[in-house]
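Inspection log for the structure reproduced underneath, given as structure tokens.
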Amino acid sequence: TTEIYTLSLHDALPIYVRYMFSSTLPQGTVVKLQVDSGDNSPWYLINTADFEVAPAAIAAPANSINVTQAPYSADNTGVKDSTTALQNAINAGETSGQVVYLPAGTYTISNPLNVNNVTVEGAGEWYTVLTGSNVEFAGQIAPASTNVNVSNLAIFGNVAVRNDSDGSVNGFNGGFSSSNISNVWIQNTKVGAWIVGPATNLTFNSLRIMDLKADGINFNAANGAISTATIENTFFRNTQDDGMAMWAENAADTNITLNQNTVISPGLANNIAIYGAGSGDVISNNLLEDPVTRGSCIHDGLRFSAVATSGPITIENNELERCGQYDPGFYFGVGAVWFWPLDGNMETAVNLSGNTKIGRAHV
């Protein structure tokens with residue numbers, strides 16, 4: 001007989017629910033989503049159900065700092081605030097050069113965690129969870145934090161309203177150079193990562209960024225140039241502003257590579273956006289689907305008082321699905337790839353090649 005698992009929608013948060021079964025479900029298992037008598041919402045919308053085989057938890061690296069052990073004694077049950085304990089452990093790791101290890105569990109955070117010259121590692125995206133009112137890793141600005149490595153954990157915020165003046169509710173915020181962020185699950189924050197220049201040699205690899213109030217990742221060169229930065233193998237869904245953006249607000253975004261990412265259903269703006277730039281930026285091999293309004297799959301514009309692009313820019317081998325639309329906010333149609341010289345002339349070379357357009361997608 002087929003085994004049936006029933007998940008009550010009463011357990012679901014307004015945006016998402018995440019659940020780990022006690023064992024791998026055998027082939028043919030039926031998973032049923034059910035409204036029970038105690039589920040009182042006037043309606044339910046099931047957007048997507050994803051299933052995967054979760055890997056085993058990652059053990060503590062040798063000679064690492066275990067944040068749950070003395071003298072830090074961070075609470076991994078989620079009951080007590082762990083901000084001070086985690087910050088103390090991070091400070092110790094910066095001094096000693098040891099990896100700061102967060103065992104499986106839930107850590108409640110009430111202020112951003114300041115990081116510089118430190119490695120922070122969890123037991124895995126399904127096991128180590130940071131949550132709270134201001135759950136964020138904060139980098140220094142001008143000069144940027146350097147040699148920051150964060151991996152194998154999840155960041156679950158509880159942001160209900162977008163407030164652009166609040167920079168303490170992003171997954172990552174500030175400046176990061178010579179740094180790597182990998183295998184991090186970010187959900188229900190304002191922004192996944194807001195990177196402020198000057199910064200260089202930064203890589204985001206294999207992240208999941210979902211259900212945000214604003215951008216997925218934005219390279220905002222507000223305080224100085226951002227150069228040689230990469231976003232790769234990362235999944236974005238249901239951001240409420242651009243999925244990935246380069247905003248050359250006061251300086252250039254140069255040699256930025258956005259490669260092999262998936263961006264689905266940004267609620268506002270674009271899957272990928274360029275607002276001014278530098279030179280040598282590459283957008284390649286991305287799957288971009290279903291923008292909702294005030295944008296499309298790829299946008300190149302001179303807007304928001306940005307620095308004009310020095311170019312060239314390469315846009316190649318991307319798959320653009322159901323992108324072109326008449327926009328009810330702008331009152332004009334946009335293509336799958338669209339250009340808008342709002343603030344001035346755009347005279348830089350843009351090399352487009354090998355992009356595949358499927359459904360409602362017109363350049």
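For the single chain, residues carry numbers from 1 onward in sequence order. Just so we're clear, the structure is a prediction, and the values are computed from it rather than from any experiment.
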Is the backbone N or O of [Y] less than 3.5 Å from a side-chain atom of [X], with the two atoms forming a donor-acceptor pair by type?
X: Asp253; Y: Ala277; result: no
X: Asp75; Y: Thr77; result: yes
X: Thr128; Y: Pro103; result: yes
X: Ser179; Y: Val148; result: yes
X: Ser82; Y: Gly78; result: no
X: Asn261; Y: Asn233; result: yes
X: Asn170; Y: Val191; result: yes
X: Gln98; Y: Asn63; result: yes
X: Asn318; Y: Glu316; result: yes
X: Glu321; Y: Leu287; result: no

Just so I know, are the side chains of [X] and [Y] near enough to count as touching, which here means a heavy-atom distance under 4.5 Å?
X: His299; Y: Val334; answer: no
X: Phe21; Y: Val31; answer: yes
X: Asn259; Y: Val282; answer: no
X: Ser145; Y: Gln140; answer: yes
X: Asn117; Y: Glu94; answer: yes
X: Leu33; Y: Tyr44; answer: no
X: Val169; Y: Thr189; answer: no
X: Val100; Y: Leu102; answer: yes

Knowing that exactly one of Leu202, Asn205, Leu258 qualifies, which makes a side-chain contact (heavy atoms from CB on, under 4.5 Å) with Ile231?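 Of all the options given, the one that passes is Leu258.
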
For Ser227 and Thr200, what are the C-alpha separation, side-chain angles and deciding distance, and is it a side chain to side chain donor-acceptor pair (under 3.5 Å)? CA-CA 5 Å; Ser227 63; Thr200 187; 3.0 Å; yes

Using side-chain hydrogen bond (donor to acceptor under 3.5 Å, both in side chains) as the criterion, list what pairs up with Asn223, not counting sequence neighbours.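 Not a single residue meets the side-chain hydrogen bond (donor to acceptor under 3.5 Å, both in side chains) criterion with Asn223.
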
Name all residues meeting the ring-ring contact (aromatic ring centres under 6.0 Å, His included) criterion together with Tyr107; count only those two or more places apart in sequence or in a different chain, and write none if there are none. none

Test log, rule side chain to side chain donor-acceptor pair (under 3.5 Å), inputs Asn180 and Asn149: CA-CA 5 Å; Asn180 185 76; Asn149 302 282; 4.9 Å; no

Of all heavy-atom pairs between [X] and [Y], which one has the smallest distance, and what is that distance?
X: Ile186; Y: Gly192; answer: CD1-O, 3.7 Å
X: Glu136; Y: Ser168; answer: OE1-C, 3.1 Å
X: Lys190; Y: Asn163; answer: NZ-O, 3.2 Å
X: Gln240; Y: Arg162; answer: O-NH1, 4.2 Å
X: Cys323; Y: Leu288; answer: SG-O, 3.9 Å
X: Asp81; Y: Ser110; answer: OD2-OG, 2.6 Å

Measuring from atom [atom1] of [X] to atom [atom2] of [Y], what distance do you get when rounded to the nearest 0.5 angstrom?
X: Asp300; Y: Trp338; atom1: CG; atom2: CH2; value: 10.5 Å
X: Trp185; Y: Trp126; atom1: CH2; atom2: CH2; value: 4.5 Å
X: Thr108; Y: Leu86; atom1: OG1; atom2: CG; value: 10.0 Å
X: Asn271; Y: Asn286; atom1: CG; atom2: CG; value: 9.5 Å
X: Asn173; Y: Asn218; atom1: CG; atom2: CG; value: 10.5 Å
X: Met210; Y: Arg18; atom1: CE; atom2: CZ; value: 8.5 Å

Does the plane of the ring in Phe204 sit parallel, tilted or perpendicular to the ring in Phe219? Use 30° and 60° as the thresholds. tilted

Return the orientation label for the Phe304 and Tyr275 ring planes: parallel under 30°, perpendicular over 60°, tilted otherwise.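 Because their plane-to-plane angle is over 60°, the rings of Phe304 and Tyr275 count as perpendicular.
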
Over 12 foreign heavy atoms within 6.0 Å of CD, Gln27: no

Please indicate whether Tyr331 has more than 12 foreign heavy atoms, meaning atoms of other residues, nucleotides or ligands, lying under 6.0 Å from its OH.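 Check fails, neighbour count at 12 or below.
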
Path from [X] to [Y] over hydrophobic side-chain contacts below 4.5 Å:
X: Leu352; Y: Ile298; answer: yes
X: Ile195; Y: Val120; answer: yes
X: Leu320; Y: Ile313; answer: yes
X: Val337; Y: Met346; answer: yes
X: Val350; Y: Ile256; answer: yes

Criterion side-chain contact (heavy atoms from CB on, under 4.5 Å) on Leu113 and Leu130, from CA distance to verdict: CA-CA 11 Å; Leu113 298 171; Leu130 277 65; 3.9 Å; yes

Working for side-chain contact (heavy atoms from CB on, under 4.5 Å), residues Thr257 and Glu232: CA-CA 8 Å; Thr257 300; Glu232 59 187 1; over 6 Å; no

Pairing donors with acceptors under 3.5 angstrom, does anything connect the side chains of [X] and [Y]?
X: Asn134; Y: Asn111; answer: no
X: Asp215; Y: Trp194; answer: no
X: Asn220; Y: Glu249; answer: yes

Result of checking Asp50, Asp211, Thr262 against Arg237 for side-chain hydrogen bond (donor to acceptor under 3.5 Å, both in side chains): Asp50

Test log, rule side chain to side chain donor-acceptor pair (under 3.5 Å), inputs Asp241 and Thr239: CA-CA 6 Å; Asp241 214 310; Thr239 64; over 6 Å; no

List the steps, then state whether side-chain contact (heavy atoms from CB on, under 4.5 Å) holds for Asn201 with Ser177. CA-CA 5 Å; Asn201 192 24; Ser177 288; 5.8 Å; no

Show, in sequence, the C-alpha distance, side-chain angles and deciding distance for Phe137 and Val184, and conclude whether the side-chain contact (heavy atoms from CB on, under 4.5 Å) test is met. CA-CA 12 Å; Phe137 287 98; Val184 176; over 6 Å; no

